[in-house]
Amino acid sequence: MRKQIIVGNWKMFKTNSQAIEFIKSVDSKVKADENIIAGIAVPSIMLSDVQKVAKNIVISAQNCYFEQEGAFTGEISVPMLQDLGIKYAVIGHSERRDIFGETDEMINNKAKALLAASITPILCCGESLKTYEDGTTIDWVKSQITKGFEGISADDAKKVVIAYEPIWAIGTGKVATPEIAQNVCKEIRDIIKNIYNQNVADEILIQYGGSVKPENIKDILDQTDIDGALVGGASLIEDSYLGLVNYKG
Ligand code: PEP
C-alpha cells in the first residue's frame with residue numbers, strides 16, 4: 001500500500017516570524033503517522049528557522065539549483081538544503097516554468113542533483129487551459145515526465161513524488177473533478193510503467209494539485225491513483241491546513 005503525502009506550497013507568502021508562529025501553533029495538532037506525510041514548502045529564507053520548530057510537519061524547499069556551488073546569484077544549492085536536514089524539494093512548479101523560464105532539462109538536472117543527495121524531488125507537471133481544451137493533456141504531460149525522468153534509474157525514480165497540477169486549476173478555484181484528476185494520474189502511472197516497469201509504477205507517489213481545500217480533499221484522495229495533494233492557497237490558514245492534513249479525522 002502506498003503512503004499519502006499532503007504538502008502545502010506557501011509560494012511567496014508569509015514572513016519568517018509568521019511562518020514560525022504558524023508551525024509552532026499547528027505542528028502538535030498534525031496527526032501524521034507512518035501512512036501520511038504532512039509537509040509545507042516554505043520560501044527558502046525561512047527553511048532554517050522553520051526546520052528547527054517542525055516535528056510532525058516535514059519542511060520542503062520550493063526550488064533549488066542543480067549546480068553544487070558557484071556564481072549563481074540568488075540561487076540555493078542542494079548541499080545547502082542537505083546541511084539544514086531538508087528532505088523534500090518542489091521542482092518544476094508551473095510558476096517556475098512560466099514566470100522564470102525553467103525548462104524540462106533544468107528540472108531533470110534538479111531532480112538528479114536532489115536524488116544524489118537523498119532529497120525527494122516533488123516534480124510538478126501539468127497542462128495549460130489551452131492544452132486541456134485542445135484535448136492534448138496526456139501528450140503534454142508525457143513529454144514533461146519523459147524529459148523530467150531522463151537518465152534517472154528505476155531505483156531513484158521510485159523515490160520521486162510526481163505532482164500533477166493542471167495550470168487552469170491552480171489558484172483559480174477551478175478544481176479538476178476527481179474523475180479528471182484520477183484519469184490523468186492513472187495515465188502518468190502508465191507513462192512511468194512504460195519508461196521503467198510495473199514495480200516502479202506501483203510504488204511511485206502521485207499528488208494532485210489545483211484548488212484543493214478541506215472540503216474536497218477526501219473525494220480527490222479517494223481516487224485509486226492519487227496519493228496526495230500539493231496545496232497552495234488553502235495551506236496558508238492554520239485551520240484549513242489542519243483540515244487538509246487531518247482530513248481522515
Ligand atoms: C500550488 O501552488 O501548487 C497550488 C496547487 O495552488 P492552489 O492550491 O492555490 O490552487
Side-chain angles (χ1 to χ4, degrees), residues 4-14 18-19 22 26 37-47 50 57-64 88-102 104 107 110-111 114 120-129 131-132 137 140-141 144-145 148 160-178 180-185 188 205-221 223 225-247:
Q4 291 189 326
I5 175 163
I6 302 167
V7 178
N9 172 19
W10 279 359
K11 312 191 185 203
M12 198 177 72
F13 288 101
K14 296 194 191 292
Q18 288 167 343
F22 183 112
V26 302
I37 300 162
I40 301 182
V42 303
S44 54
I45 198 167
M46 301 164 196
L47 283 167
V50 164
I57 298 172
V58 172
I59 301 301
S60 168
Q62 293 182 6
N63 186 28
C64 66
Y88 290 84
V90 176
I91 53 171
H93 191 280
S94 58
E95 288 149 19
R96 299 291 325 165
R97 292 177 188 259
D98 292 349
I99 304 170
F100 301 101
E102 293 196 5
D104 286 314
I107 293 153
K110 291 178 187 207
L114 288 165
T120 301
I122 301 177
L123 195 159
C124 303
C125 62
E127 80 287 4
S128 66
L129 183 60
T131 302
Y132 173 68
T137 295
W140 178 264
V141 166
Q144 287 184 319
I145 295 290
V160 177
V161 174
I162 297 174
Y164 166 59
E165 299 204 304
I167 299 168
W168 50 270
I170 297 180
T172 58
K174 278 188 200 161
V175 195
T177 61
I180 295 174
Q182 160 60 23
N183 282 344
V184 181
C185 290
I188 291 173
L205 298 183
I206 304 178
Q207 296 175 311
Y208 166 77
S211 300
V212 176
K213 301 182 269 298
E215 301 78 52
N216 61 23
I217 191 165
K218 184 175 182 307
D219 285 348
I220 293 166
L221 296 201
Q223 305 299 313
D225 288 289
I226 304 181
D227 310 308
L230 187 58
V231 189
S235 71
L236 288 164
I237 298 157
E238 293 182 14
D239 283 350
S240 170
Y241 178 75
L242 287 169
L244 292 163
V245 297
N246 295 340
Y247 81 96

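All ligand and atom numbering here is 1-based and tracks the order in the structure.
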Which atoms from ligand 1 have a heavy atom of [X] less than 4.0 Å away?
X	value
Val231	8 (O)
Gly171	7 (P), 9 (O), 10 (O)
Gly210	5 (C), 10 (O)
Gly209	5 (C)
Gly233	7 (P), 8 (O), 9 (O)

Counting only N and O atoms by type, is there a donor-acceptor contact under 3.5 Å from the side chain of [X] to the main-chain atoms of [Y]?
X	Y	result
Lys110	Cys64	yes
Ser211	Gly173	yes
Asp225	Gln182	no
Gln223	Ala181	no

Study note, to complete from the structure: Counting heavy atoms under 4.0 Å, the part of Glu95 that contacts ligand 1 is neither
Exercise for review: Answer with side chain, backbone, both or neither: which part of Asn9 has a heavy atom less than 4.0 angstrom from an atom of ligand 1?
Suggested key: side chain
Practice item. List the atom of Gly232, the atom of Lys11, and the distance in Å for their closest heavy-atom pair. Key: CA-CE, 4.3 Å
Shortest protein contact, [atom] (heavy atom only):
atom	value
atom 5 (C) of ligand 1	Glu165 OE2, 3.0 Å
atom 2 (O) of ligand 1	Lys11 CE, 2.6 Å
atom 1 (C) of ligand 1	His93 NE2, 3.4 Å
atom 8 (O) of ligand 1	Gly232 N, 2.8 Å

Review point. Does ligand 1 have any atom that is closer than 4.0 Å to a heavy atom of Ser211?
Key: yes
Check your understanding: Is it true that Ala169 lies under 4.0 Å from ligand 1, counting heavy atoms only?
Key -> yes
Exercise for review: Answer yes or no: is there an ion pair linking Glu102 with Arg97, defined by an N-O contact shorter than 4.0 Å?
Suggested key: no
Review point. In terms of the angle between their ring planes, are Tyr208 and Tyr164 parallel, tilted or perpendicular, with boundaries placed at 30° and 60°?
Key: tilted
Check your understanding: Between Tyr241 and Trp10, does the ring centroid distance fall short of 6.0 Å?
Key -> no
Point to revise | Phe22 vs Val50, side-chain contact (heavy atoms from CB on, under 4.5 Å): CA-CA, chis, key distance, verdict | key: CA-CA 9 Å; Phe22 183 112; Val50 164; over 6 Å; no
